[in-house]
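Numbers here simply count residues along the sequence, with the first being 1.
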Amino acid sequence: MIRYRRPKQDDAVIMHLIETQLVPLSHMTKSQLEQVRKDLPGRMNRGVTLIASPYYEGDPVGFVHFMLHGDLLYIDMLAVAPESQRKRWGNLLMAHAERFALSRGCKRSKVMVDSGNANGMIFYQKLGYFNIKYHAKNQCYELEKRLS
């Protein structure tokens, strides 16, 4: 099931997923990562976080955090625990985020994928995202999709 984030219940698992699934793929320096870690609590309070869980009261097996900017859905972070990958949790999280954005007038969606994240690139391309730009400074690809 997909539900909204419950900070007291979910945040420790979300932070663990960030540290184990997203940070290793990042090309940020140690000091940049420390700044990101420091900013995460405030960042999580901006935008929307949806949780994938096997049942309503269950702990997260994955999450998506996103923000809306005018007609743009910006996927900030998506992570699924390794033991729960390839079970469609990522697809469900993205479908819910995109439906949420569509209901609020968004026309397109954007996500940044680290250059070493081949599985992430394949995942988003299967969902209809296409590469529009490579950001050499950040070593990541900018992908976009029209929402309908």
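- The two atoms that bring Tyr134 and Asn131 nearest to each other are N-OD1, 4.5 Å, heavy atoms only.
- Among all heavy-atom pairs drawn from Ala97 and Leu73, the shortest one is O-CD2, 3.9 Å.
- The hydrophobic cluster around Tyr56 extends to Met1, counting ILVMFWY residues whose side-chain heavy atoms fall within less than 4.5 Å of a member.
- Partners of Arg3 under the side-chain hydrogen bond (donor to acceptor under 3.5 Å, both in side chains) rule, at least two apart in sequence or in another chain, are Asp10.
- Rounding to the nearest 0.5 Å places NE2 of His16 at 14.5 Å from CG of Asp11.
- For the atom pair CE of Met121 and CG of Leu143, the computed distance is 4.5 Å after rounding to the nearest 0.5 Å.
- With sequence neighbours left out, Tyr4 forms a side-chain hydrogen bond (donor to acceptor under 3.5 Å, both in side chains) with no residue at all.
- Heavy atoms of other residues, nucleotides or ligands lying less than 6.0 angstrom from CZ of Arg104 number more than 12.
- When all heavy atoms of Gln85 and Val80 are compared, the pair lying nearest together is NE2-O, 2.8 Å.
- In this structure, the side chains of Gln21 and Pro82 come closer than 4.5 Å at one or more pairs of heavy atoms.
- Residues that satisfy the ring pair (Phe, Tyr, Trp, His ring centres under 6.0 Å) test with Phe123, not counting sequence neighbours, are absent from this structure.
- The same ILVMFWY cluster, assembled from side-chain heavy atoms under 4.5 Å apart, contains both Val64 and Leu102.
- Put simply, CG on Asp59 and CD on Gln9 are 5.5 Å apart, with the number rounded to the nearest 0.5 Å.
- Thr29 meets the side-chain hydrogen bond (donor to acceptor under 3.5 Å, both in side chains) test with Ser31, Gln32; sequence neighbours excluded.
- Across every non-hydrogen atom of Cys106 and Gly70, the tightest pair is SG-O, 3.9 Å.
- Sorted by first then second residue, the side chain to side chain donor-acceptor pair (under 3.5 Å) pairs that include residues 68-79, not counting sequence neighbours, are Arg43-Asp76.
- Residue Ile132 is found in a hydrophobic cluster whose other members, listed by chain and number, are Phe130; membership requires side-chain heavy atoms under 4.5 Å apart, directly or through intermediates.
- Under the 4.5 Å side-chain heavy-atom criterion for grouping Ile, Leu, Val, Met, Phe, Trp and Tyr, Leu72 is not connected to Leu78 through any hydrophobic cluster.
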May I have the list of side-chain donor-acceptor pairs in residues 87-94 shorter than 3.5 Å, sequence neighbours left out?
residue, atom, partner, partner atom, Å
Lys87, NZ, Glu83, O, 3.1

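- Tyr124 is listed as a side-chain neighbour of Ile75, based on a closest heavy-atom distance under 4.5 Å.
- Evaluation of the salt bridge (charged side-chain N to carboxylate O under 4.0 Å, His left out) rule for Arg99 yields no partner, not counting sequence neighbours.
- Considering only residues two or more places apart in sequence or on other chains, Asn45 meets the side-chain hydrogen bond (donor to acceptor under 3.5 Å, both in side chains) condition with none of them.
- At least one side-chain heavy atom of Lys133 sits less than 4.5 Å from a side-chain heavy atom of His135.
- Annotation: side chain of Glu19 is in contact with side chain of Arg37 (closest heavy-atom distance under 4.5 Å).
- Apart from Leu22 itself, the hydrophobic cluster it occupies contains Val13, Ile14, Met15, Leu17, Ile18, Val23, Met28, Leu33, Val36, Leu40, Met44, Ile51, Phe63, Met77, where clustering links Ile, Leu, Val, Met, Phe, Trp and Tyr at side-chain heavy-atom distances under 4.5 Å.
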Which donor-acceptor pairs under 3.5 Å do side chains of residues 108-120 form with protein atoms, sequence neighbours excluded?
residue, atom, partner, partner atom, Å
Arg108, NH1, Glu144, OE1, 3.4
Ser109, OG, Tyr129, OH, 2.6
Lys110, NZ, Glu142, OE2, 2.7
Ser115, OG, Gln139, O, 3.3
Asn117, OD1, Gly120, N, 2.7

